[in-house]
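Naming convention: chains lettered A, B, ... in sequence-line order (proteins, then strands); numbering from 1 in each chain. Only heavy atoms go into these numbers, but all of them, side chains included; no hydrogens, no water, no symmetry mates.
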Number of protein chains: 2
Amino acid sequence: MAASNTMMSLPKLEEYLSAKGYRLTDQRRALLQVLWEADCCLTAQELYTRVLAARPGTNFSTVYRNLEVLNQLGVICLVDNGQQAHAFELNVDGAHHHHIVCRSCGRTRRLDFCPFDAWSGPEGFVCVEHKFEVYGYCESCSPKARKR
Amino acid sequence: MAASNTMMSLPKLEEYLSAKGYRLTDQRRALLQVLWEADCCLTAQELYTRVLAARPGTNFSTVYRNLEVLNQLGVICLVDNGQQAHAFELNVDGAHHHHIVCRSCGRTRRLDFCPFDAWSGPEGFVCVEHKFEVYGYCESCSPKARKR
DNA sequence: CTGGTTGCAAATCATTTGCAGACAA
DNA sequence: TTGTCTGCAAATGATTTGCAACCAG
């Protein structure tokens, strides 16, 4: 599948949830599967649509509740795609990273540079978190961008 | 006043709006004044409350519409404070910058470091915009932070 | 069995919009 | 005068929540 990580398989993920005391419902499995197969970050709406195909009858709020669970467990990360709705992505290796978001096709790509690689942080301030997203046009969309 | 910039006075700002063809209504003046007097980024709600004090009867949607106008003109900038609602700040000198947001008191501080100062950007991607915000605890709140 | 989960419907919350009257230039 | 603005009220869209039924372990 398209998941770019190599740390944990889908069964391992389910095992992990289980070990943490969460039940493996059809809805949860379907969501994990969808996240696993996604080749880039997806919005709750997009995830919901895909989950629905795999497991008809699933409710939108169930998807949201499970995204919350996965987020708490650190299994997914939230991406600020610059739109009103967040995007979500599986992050099984748990490595810190940021994203590039294409303004044309909406696709996201993982970014390995972090501002704190090159900067020690602001003085007189205890940093606990940060957000860094880059918006622009990916290789396949950039010709379009030049016309702007 | 608390505005930290030195590029443009409040009357100059009004003049600027006027020159751009915008009318100087009481509501607009009140909003500009509130933004001018603010010592850090404020949410639409906070701005609205303050505008209301100066100009009773002003409607929330008027505040939003004017924030949109000011944003289009590049007179204010939006800050992602990590909460559901955005924060707004006057940015009369128009200089690009980011923000530090205190998780305890909610105050924001301008940051002069930009990730692109130390990085050339992702390959095969045309960057048109980016977002960088740092969350943590400011000097007066960090003792509290240590107790966490 | 039994508490974690779900479906459903209604509630939030920030922000936006249609419209008719009001007002700056 | 006239087109921009405003107040009002209702709509939007993402996300959340209360509650009773349901089902994984």
Side-chain angles (χ1 to χ4, degrees), chain A residues 11 13-34 41-52 54-73 75-88 106, chain B residues 11 13-34 41-52 54-73 75-88 106:
Chain A
L13 263 177
E14 298 190 345
E15 221 173 272
Y16 179 65
L17 277 201
S18 195
K20 287 284 184 180
Y22 293 96
R23 294 184 183 170
L24 290 178
T25 62
D26 286 354
Q27 294 87 329
R28 228 160 237 175
R29 283 181 207 271
L31 177 58
L32 279 176
Q33 175 90 40
V34 165
C41 303
L42 298 174
T43 62
Q45 182 63 247
E46 291 165 332
L47 291 168
Y48 171 59
T49 303
R50 298 184 187 202
V51 166
L52 216 45
R55 207 282 184 186
T58 303
N59 195 273
F60 212 149
S61 50
T62 299
V63 170
Y64 270 112
R65 280 189 272 235
N66 284 325
L67 285 173
E68 175 60 22
V69 165
L70 297 178
N71 189 217
Q72 290 298 317
L73 288 175
V75 167
I76 57 173
C77 59
L78 275 66
V79 179
D80 181 344
N81 57 13
Q83 308 292 109
Q84 57 299 325
H86 276 140
F88 303 85
Chain B
L13 263 177
E14 298 190 344
E15 220 173 274
Y16 179 66
L17 278 202
S18 195
K20 286 285 184 179
Y22 291 97
R23 295 184 181 168
L24 290 179
T25 62
D26 286 354
Q27 294 87 330
R28 229 160 237 175
R29 285 182 206 270
L31 177 58
L32 279 177
Q33 174 92 41
V34 166
C41 302
L42 298 174
T43 63
Q45 183 62 249
E46 292 165 330
L47 290 168
Y48 171 59
T49 303
R50 297 184 188 200
V51 166
L52 217 45
R55 207 282 184 186
T58 303
N59 195 273
F60 211 147
S61 50
T62 299
V63 170
Y64 269 112
R65 281 190 271 236
N66 284 326
L67 285 172
E68 176 59 22
V69 165
L70 297 178
N71 189 217
Q72 289 300 316
L73 289 176
V75 168
I76 57 172
C77 59
L78 275 66
V79 179
D80 182 343
N81 57 13
Q83 307 292 110
Q84 54 300 325
H86 276 141
F88 304 84

Side chain to side chain, Q83(B) and T43(B), heavy atoms closer than 4.5 Å
no
Please confirm whether the shortest side-chain N or O distance from R55(A) to OP1 or OP2 of dG7(C) is below 4.0 Å.
yes
Can you measure R28(B) atom CZ to dA25(C) atom P for me and round it to whole angstrom units?
10 Å
Stepwise side-chain contact (heavy atoms from CB on, under 4.5 Å) check, V75(B) with V69(B)
CA-CA 9 Å; V75(B) 168; V69(B) 165; over 6 Å; no
Any non-hydrogen side-chain atom of L32(A) less than 4.5 Å from a side-chain atom of L17(A)?
yes
In whole angstroms, how far is the P atom of dA14(C) from the CG atom of N81(B)?
11 Å
NA contact type, Q27(A), heavy-atom cut-off 4.0 Å: base, sugar-phosphate, or nothing?
sugar-phosphate
Euclidean distance, atom CD of residue Q83(A) to atom C1' of dT12(D) [Å, nearest integer]
16 Å
Has N81(B) got a side-chain atom pairing as donor or acceptor with A85(B)'s backbone, closer than 3.5 angstrom?
yes
Taking the nucleotide of DNA chain C with the closest heavy atom to each, which residue, A85(B) or G21(A), is nearer the 5' end?
G21(A)
Separation of dA25(C) C1' from K20(B) NZ (nearest whole Å)
19 Å
Using modelled atom types only, decide if a donor and an acceptor are shared between the side chain of N66(B) and the backbone of T62(B) within a distance under 3.5 Å.
yes
Compare all side-chain heavy atoms of F88(A) with those of L42(A) and state whether any distance is below 4.5 angstrom.
no
Atom-pair distance (CZ on F60(B); P on dA14(C)), nearest Å:
8 Å
Can you check the L52(A) CG to dC8(C) P distance for me, whole Å?
11 Å
Sort me out a list of protein N/O and nucleotides 17-21 of chain C N/O pairs below 3.5 Å, or just none if empty.
{"unit_1": "dG18(C)", "atom_1": "O6", "unit_2": "R65(B)", "atom_2": "NH1", "d": "3.3"}

Measure the distance from CG on N66(B) to C1' on dT4(D) and round it to the nearest whole Å.
11 Å
Whole-Å distance, H86(A) NE2 to dA14(C) P, equals 15 Å
State, yes or no, whether a side-chain contact exists between L52(A) and V63(A) at a heavy-atom distance under 4.5 Å.
no
Under 4.0 Å protein heavy-atom contacts per nucleotide of nucleotides 20-25 of chain D, with B for base, S for backbone only and - for none:
---BBS
Partners of R29(A) by salt bridge (charged side-chain N to carboxylate O under 4.0 Å, His left out), sequence neighbours excluded?
E14(A)
Can you tell me how far the SG atom of C41(B) sits from the CD atom of E46(B), to the nearest 0.5 Å?
10.0 Å
